Structure formats: C-alpha cells, structure tokens
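Mind looking over this structure? Questions follow.
Order of appearance sets the numbers: ligands from 1, and atoms from 1 within every ligand. Note that the coordinates shown come from a computational prediction; the quantities given were computed from them, not determined experimentally.
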Amino acid sequence: MDKNSRIFVAGHRGLVGSAIWKALESRGYTHLIGRTHRELDLEDPAAVREFFDREKPEYVFLAAAFVGGIVANSRYRADFIFRNLQIQQNVIGESFRHGVSKLLFLGSTCIYPREAPQPMKEDALLTSPLEYTNEPYAIAKIAGLKMCESFNLQYGANYIAVMPTNLYGPNDNFDLEKSHVLPAMVRKIHLAKCLEEGAWDAVRRDLDMLPVEQVDGNASEEAILAVLGKYGVTPGAVELWGTGTPLREFLWSEDMADACVFVMENVDFPQLRGEGPEIRNCHINIGTGKEISIRGLAELIAGTAGYRGKITFNTSKPDGTMRKLTDVSKLHSLGWKHRVELEQGIASIYRWYLDRRSS
Ligand SMILES: NC(=O)C1=CN([C@@H]2O[C@H](COP(=O)(O)OP(=O)(O)OC[C@H]3O[C@@H](n4cnc5c(N)ncnc54)[C@H](OP(=O)(O)O)[C@@H]3O)[C@@H](O)[C@H]2O)C=CC1
Ligand SMILES: C[C@H]1O[C@H](OP(=O)(O)OP(=O)(O)OC[C@H]2O[C@@H](n3cnc4c(=O)[nH]c(N)nc43)[C@H](O)[C@@H]2O)[C@@H](O)[C@@H](O)C1=O
C-alpha cells in the first residue's frame with residue numbers, strides 16, 4: 001500500500017474497524033474511506049456497487065459484520081448467517097469486479113470445530129462439527145474465507161483471511177445481553193459496585209449512555225433496580241452466565257488492528273499458499289496464544305474495578321465451546337506478536353469506560 005492509496009475500511013466505527021482506521025492514520029495513510037451503516041448499507045448490493053464505482057478503493061479491510069456474543073448468536077441465528085453472507089458477498093464481489101489490489105477479510109476462531117485439538121492450528125478447519133451456539137455465524141465466516149481463497153486460486157486475487165480470537169477495546173458493544181463476555185462483565189461489575197455504594201449519579205450516567213430496555217438515567221430507582229436485576233446486576237452481587245469454567249483467549253483491539261495492517265503491508269497470498277500441492281488453510285490465526293477461565297476473567301475485572309461483592313454463575317445460560325485457544329505459530333513466523341497483555345488491557349478498557357461516563 002502507498003501512503004496515498006485509496007483504502008476502504010468497512011465497519012470503521014466498530015471495535016476493530018475504528019482501531020484499524022486509527023492505526024492507518026498513525027502510519028501516515030492519507031486516503032482513508034469510511035461509511036457509516038446509515039450512509040451505506042453493505043447488505044444492499046446496488047448501493048455497494050455504486051459506492052465502489054464512485055470511490056474506486058484499491059485496498060479493502062472488511063471489518064463490517066453482524067456481530068454479537070453467545071446469546072445473540074444463539075437467538076438471532078438467521079441474521080448471523082444471512083446478513084454476514086450478504087455483506088461478504090457484496091464487498092468481496094465488488095472488490096473483485098473493481099480489481100481491488102488486496103483485501104483483508106476478518107473471520108473468527110469460531111470457524112474451528114468444537115472439539116478441535118488445542119491450541120487450534122489453521123488446518124483444524126472443516127475437520128469435525130462446529131459449536132452449535134454460533135454455527136450460523138461460523139458458517140458465514142467459513143464461506144468468507146473460502147471465497148477469498150477461491151478468488152485467489154481461480155483469478156490470482158490477493159485476498160487474505162485472518163481469524164481473530166475474542167477481541168475487546170475502545171468502541172466495544174456494552175449491551176448487557178447481546179455483547180461479548182468481556183465488555184458485558186465490565187459493565188455488570190461496574191454497575192453492581194455503584195449500586196452497592198449508592199453511587200446513583202454514576203448509575204444514571206451509565207444508563208444515559210446506553211439505556212437498558214428503554215430505562216435511562218431519568219428512571220426511578222425502583223425501575224432501574226428492576227431492569228438491572230433482570231440482567232443479574234444487583235447491589236453488591238453479579239450473576240454471570242454458564243459455569244465460569246470455559247476458557248477463552250482475549251486480544252486487545254488495537255493489537256488486532258496492528259496485526260491487520262501488518263498483514264496488509266507484508267503478507268501476500270502466494271507466500272501463504274506455499275510451493276506444494278497443499279492449497280488449503282491459507283488463513284491466519286490472530287491471537288495471544290494465552291487463555292483464562294471465565295471465572296478468572298471476572299475476578300480480574302472485579303480486581304481492576306475495586307469490586308468486592310459476590311460473583312455467581314447461572315448455569316441455565318450456555319457455556320459455548322469449553323476451550324478455543326489459537327495456535328499463533330503461523331502468525332509469529334510471519335513476524336507479528338501481540339503487545340498488550342490482558343491485565344493491562346482490562347485496566348485500559350475500564351479507564352476508557354469510566355472516562356466515557358465521567359462528564
Ligand atoms: N469482537 C470480537 O470479539 C470478534 C470480532 N470478530 C470479527 O471482527 C470483525 C469486526 O468486529 P467488531 O469490530 O467486533 O464488530 P462491531 O459490531 O464493533 O463493528 C462492526 C461494524 O460493522 C458495521 N456494520 C454491520 N452491518 C453493517 C451493514 N449492513 N452495513 C454497514 N455497516 C455495517 C457496524 O455498524 P452498526 O453498528 O451501525 O450496525 C459496526 O460499525 C467482524 O468481522 C467480526 O465478525 C472476530 C472475532 C472476535
Ligand atoms: C468472539 C466469539 O464470541 C462468541 O463466542 P463466545 O466466546 O462463546 O461468546 P461470549 O463472549 O459471549 O461468551 C464467552 C463465555 O463467557 C460466558 N459469560 C459469562 N457471563 C457472560 C455475560 O455476561 N455475557 C456474555 N456474552 N458471556 C458471558 C459465556 O457463557 C461463555 O461461556 C461467538 O458467538 C462469536 O461471536 C465469536 O466469534
């Protein structure tokens with residue numbers, strides 16, 4: 001990429017897209033192109049075609065997707081497969097039609113089988129059944145990576161698919177039900193602490209930023225307690241989901257963005273494909289290679305937030321995959337390694353979260 005190349009970041013307001021945008025700007029790329037969902041619906045084929053005709057991007061980061069945590073994935077199954085296939089179809093299809101020089105597709109480590117040997121290498125793909133809670137999303141992601149691989153093989157395109165582990169950072173989704181575990185825990189633990197301390201101003205500011213079921217900061221104390229209670233948040237007690245025993249790996253979103261830019265700048269399809277006849281598994285895992293239990297994560301966040309109340313687990317909620325640790329040896333051999341460890345990232349995200357609510 002030249003510093004003045006036309007670079008489209010799809011999903012540039014999201015957790016990863018916003019970090020990619022910032023990473024590109026800080027490296028001196030000057031011609032960045034972004035559209036909000038409202039400005040350009042990537043599910044609309046005519047709108048996407050018109051956008052590509054007009055803007056003629058040369059490089060594409062595909063970080064837009066219909067995204068959510070375990071409960072959202074289990075509940076909105078049709079949306080997860082249909083919307084993601086549609087976005088991928090439009091963006092990858094128009095990238096091809098317009099001769100985009102290089103595209104980076106963001107998948108997910110949920111593409112790997114539920115019982116994949118740990119840590120999961122790229123070649124675990126399609127070796128046995130997927131985890132059921134997020135199967136529709138995983139199938140859309142597998143379709144995306146196979147679409148990239150197939151355009152590369154048939155037409156000599158240069159589309160790279162990266163498979164990130166669970167991510168967290170600024171601009172994450174803090175919805176109490178639809179989000180991923182780390183932002184959900186940050187908010188639940190913070191609110192339980194504020195309720196215990198009677199810090200109602202802080203609770204109200206939080207609900208003004210992001211109402212829960214239309215309950216915002218103007219609601220009565222009774223209404224606030226009732227709605228937060230439904231999500232397991234009460235004064236001095238937090239109820240989390242599952243057994244607390246699943247293991248997860250977490251990568252800071254700005255590290256993820258750095259990896260994306262690194263791959264875009266330094267990795268091309270032929271080098272992933274290798275010399276031999278084995279053309280499968282050209283995607284790249286992105287992670288830290290380190291894991292923690294969900295209970296351990298809750299304790300870490302509680303420690304950072306200074307929360308000393310109760311933490312319990314509701315086993316009627318799903319655990320999902322028990323373990324999904326990425327094998328990052330391919331990524332390391334390409335020359336990239338994460339920088340931000342989990343303790344440091346949690347401190348940063350909690351600070352970011354409070355700053356957003358301090359005015
Ligand atoms: N977060 C995580 O832990 C992980 C994420 N990933 C993948 O990384 C990528 C980025 O995820 P993340 O940043 O977390 O997701 P976010 O939800 O934070 O961001 C996604 C962005 O895409 C936009 N978007 C969604 N649908 C459309 C559409 N139809 N038209 C235009 N824009 C749209 C969203 O806009 P709006 O909000 O306005 O709809 C949002 O800005 C995704 O491919 C995701 O699957 C992979 C593994 C883990
Ligand atoms: C990134 C990845 O994310 C998704 O997979 P997941 O890792 O299973 O999702 P998760 O982050 O929502 O949960 C991780 C674990 O944490 C537990 N858990 C406890 N308490 C809360 C809680 O309060 N909220 C949530 N969301 N989970 C909780 C929860 O029960 C589970 O055991 C994919 O669907 C897919 O989107 C994908 O690619």
For this session: Would you please classify the geometry between the F151 ring and the F96 ring as parallel, tilted or perpendicular, with 30° and 60° separating the classes?
Result: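 F96 vs F151 ring planes: tilted.
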Exercise. Is there a side-chain contact between L153 and F269 (heavy atoms, below 4.5 Å)?
Worked result: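 In contact.
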Exercise. For atom 2 (C) of ligand 2, what's the nearest protein heavy atom and its distance?
Worked result: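 In this structure, atom 2 (C) of ligand 2 has K324 NZ, 3.6 Å as its nearest protein heavy atom.
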Problem set entry | Residue portion contacting ligand 1 (non-hydrogen atoms closer than 4.0 Å) for V16 |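 Within the 4.0 Å criterion, V16 contacts ligand 1 through backbone and side-chain atoms alike.
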Exercise. Considering only heavy atoms, which of M322, E177, R248, E249 lies nearest to atom 6 (P) of ligand 2?
Worked result: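 Looking at heavy atoms only, R248 sits closest to atom 6 (P) of ligand 2.
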Exercise. Taking both backbone and side-chain atoms of L167, is any N or O found less than 3.5 Å from an N or O belonging to ligand 1?
Worked result: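 Yes, there is a polar N/O contact under 3.5 Å.
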Problem set entry | Option nearest atom 30 (O) of ligand 2 (shortest heavy-atom distance, choices S74, G242, P318) |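 The option holding the nearest heavy atom is P318.
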Exercise. What residue and atom, counting heavy atoms only, is the protein's closest point to atom 10 (C) of ligand 1, and at what distance?
Worked result: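 Looking at atom 10 (C) of ligand 1, the protein heavy atom closest to it is A63 O, 3.3 Å.
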For this session: Just need the protein heavy atom nearest to atom 40 (C) of ligand 1, so name the residue and atom and give the distance.
Result: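 Checked against all protein heavy atoms, atom 40 (C) of ligand 1 sits closest to G14 CA, 4.1 Å.
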Exercise. Can the positive tip of R35 be found less than 6.0 Å from the middle of the six-membered ring of F8, inside 45° of the ring normal?
Worked result: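 Negative - R35 is either too far from the ring of F8 or too far off its axis.
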Exercise. Between L42 and ligand 1, does any nitrogen or oxygen pair lie at a separation below 3.5 Å?
Worked result: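 Yes, L42 has an N/O under 3.5 Å of an N/O on ligand 1.
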Problem set entry | ligand 2-proximal atoms of Y137, by part, heavy-atom distance under 4.0 Å |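 It is the side chain that touches ligand 2; the backbone stays farther off.
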Problem set entry | Side chain to side chain, L342 and Y168, heavy atoms closer than 4.5 Å |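 Sidechains of Y168 and L342: in contact.
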Exercise. Considering only heavy atoms, which of D41, V9, I87 lies nearest to atom 26 (N) of ligand 1?
Worked result: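 It is I87 whose heavy atom sits nearest to atom 26 (N) of ligand 1.
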Exercise. Under 3.5 Å, is there a donor-acceptor pair linking the side chains of Q118 and Y112?
Worked result: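 On atom types as modelled, these side chains do not qualify, holding no pair under 3.5 Å.
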Exercise. Which atoms from ligand 1 have a heavy atom of A64 less than 4.0 Å away?
Worked result: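 Contacts of ligand 1 toward A64, numbered from 1: 22 (O).
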Problem set entry | Stepwise side-chain hydrogen bond (donor to acceptor under 3.5 Å, both in side chains) check, D172 with W352 | CA-CA 11 Å; D172 211 339; W352 183 88; over 6 Å; no
Exercise. Can any side-chain N or O of N285 pair as donor or acceptor with the backbone N or O of M120 at less than 3.5 Å?
Worked result: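 Pair found, side chain donor or acceptor close to backbone of M120.
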Problem set entry | Other residues, nucleotides, ligands: >12 heavy atoms within 6.0 Å of Q214 CD |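 No.
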For this session: Please state whether G320 comes within less than 4.0 angstrom of ligand 2, counting heavy atoms only.
Result: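 The answer is no: ligand 2 sits nowhere under 4.0 Å from a heavy atom of G320.
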Exercise. Is the NZ or CZ atom of R187 both under 6.0 Å from the centre of the six-membered ring of F174 and within 45° of that ring's axis?
Worked result: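 Cation-pi check for R187 and F174: fails.
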Exercise. Quick one: does atom 37 (O) of ligand 1 have a protein heavy atom under 4.0 Å from it?
Worked result: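 For atom 37 (O) of ligand 1 the answer is no, since every protein heavy atom stays at 4.0 Å or beyond.
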Exercise. Does K178 have a heavy atom less than 4.0 Å from any atom of ligand 2?
Worked result: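 Per 4.0 Å heavy-atom rule, K178 does not contact ligand 2.
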Exercise. Is any heavy atom of the protein nearer than 4.0 Å to atom 34 (C) of ligand 1?
Worked result: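 No.
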Exercise. Out of H37, E39, R13, K141, whose heavy atom sits nearest atom 43 (O) of ligand 1?
Worked result: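 Looking at heavy atoms only, K141 sits closest to atom 43 (O) of ligand 1.
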Exercise. Of the listed options (G11, A65, G107), which comes nearest to atom 6 (N) of ligand 1 when hydrogens are ignored and any heavy atom counts?
Worked result: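 Among G11, A65, G107, the closest heavy atom to atom 6 (N) of ligand 1 comes from G107.
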Exercise. Parallel, tilted or perpendicular: which fits the ring planes of F66 and F80, with parallel below 30° and perpendicular above 60°?
Worked result: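 Rings of F66 and F80: perpendicular, over 60°.
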For this session: Heavy-atom distances under 4.0 Å are what count here, so tell me which part of K317 touches ligand 2: side chain, backbone, both or neither.
Result: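 No part of K317 is near ligand 2 at this cut-off.
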Problem set entry | Options Y137, F80, F250, F66, ranked by nearest heavy atom to atom 44 (C) of ligand 1, top entry |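 Checking each option, the heavy atom nearest atom 44 (C) of ligand 1 is found in Y137.
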Exercise. What is the closest protein heavy atom to atom 18 (O) of ligand 1, and at what distance does it sit?
Worked result: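 The answer is L15 N, 2.9 Å.
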Problem set entry | Close approach of G68 to ligand 2, heavy atoms, under 4.0 angstrom |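 Judged by the 4.0 Å heavy-atom criterion, G68 does count as contacting ligand 2.
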Exercise. Thinking salt bridges, do R357 and D201 make one under a 4.0 Å N-O criterion?
Worked result: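 Salt bridge flag = no for D201 with R357.
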Problem set entry | More than 12 heavy atoms of other groups within 6.0 Å of K178 NZ |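 Open: at most 12 neighbouring heavy atoms sit under 6.0 Å from NZ of K178.
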Exercise. So is V181 polar-close to ligand 2, meaning N/O to N/O under 3.5 Å?
Worked result: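 Yes, since at least one N or O of V181 sits under 3.5 Å from an N or O of ligand 2.
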For this session: With heavy atoms under 4.0 Å as the rule, classify the contact between I70 and ligand 2 as side chain, backbone, both or neither.
Result: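 Both of them.
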For this session: Please could you name the atoms of ligand 2 that D319 approaches to less than 4.0 Å, counting only its heavy atoms?
Result: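 Going through ligand 2 atom by atom, the ones under 4.0 Å from D319 are 31 (C), 32 (O).
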Exercise. Pick one: which of L104, V9, I87 meets side-chain contact (heavy atoms from CB on, under 4.5 Å) with L62?
Worked result: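 Among L104, V9, I87, the one meeting side-chain contact (heavy atoms from CB on, under 4.5 Å) with L62 is I87.
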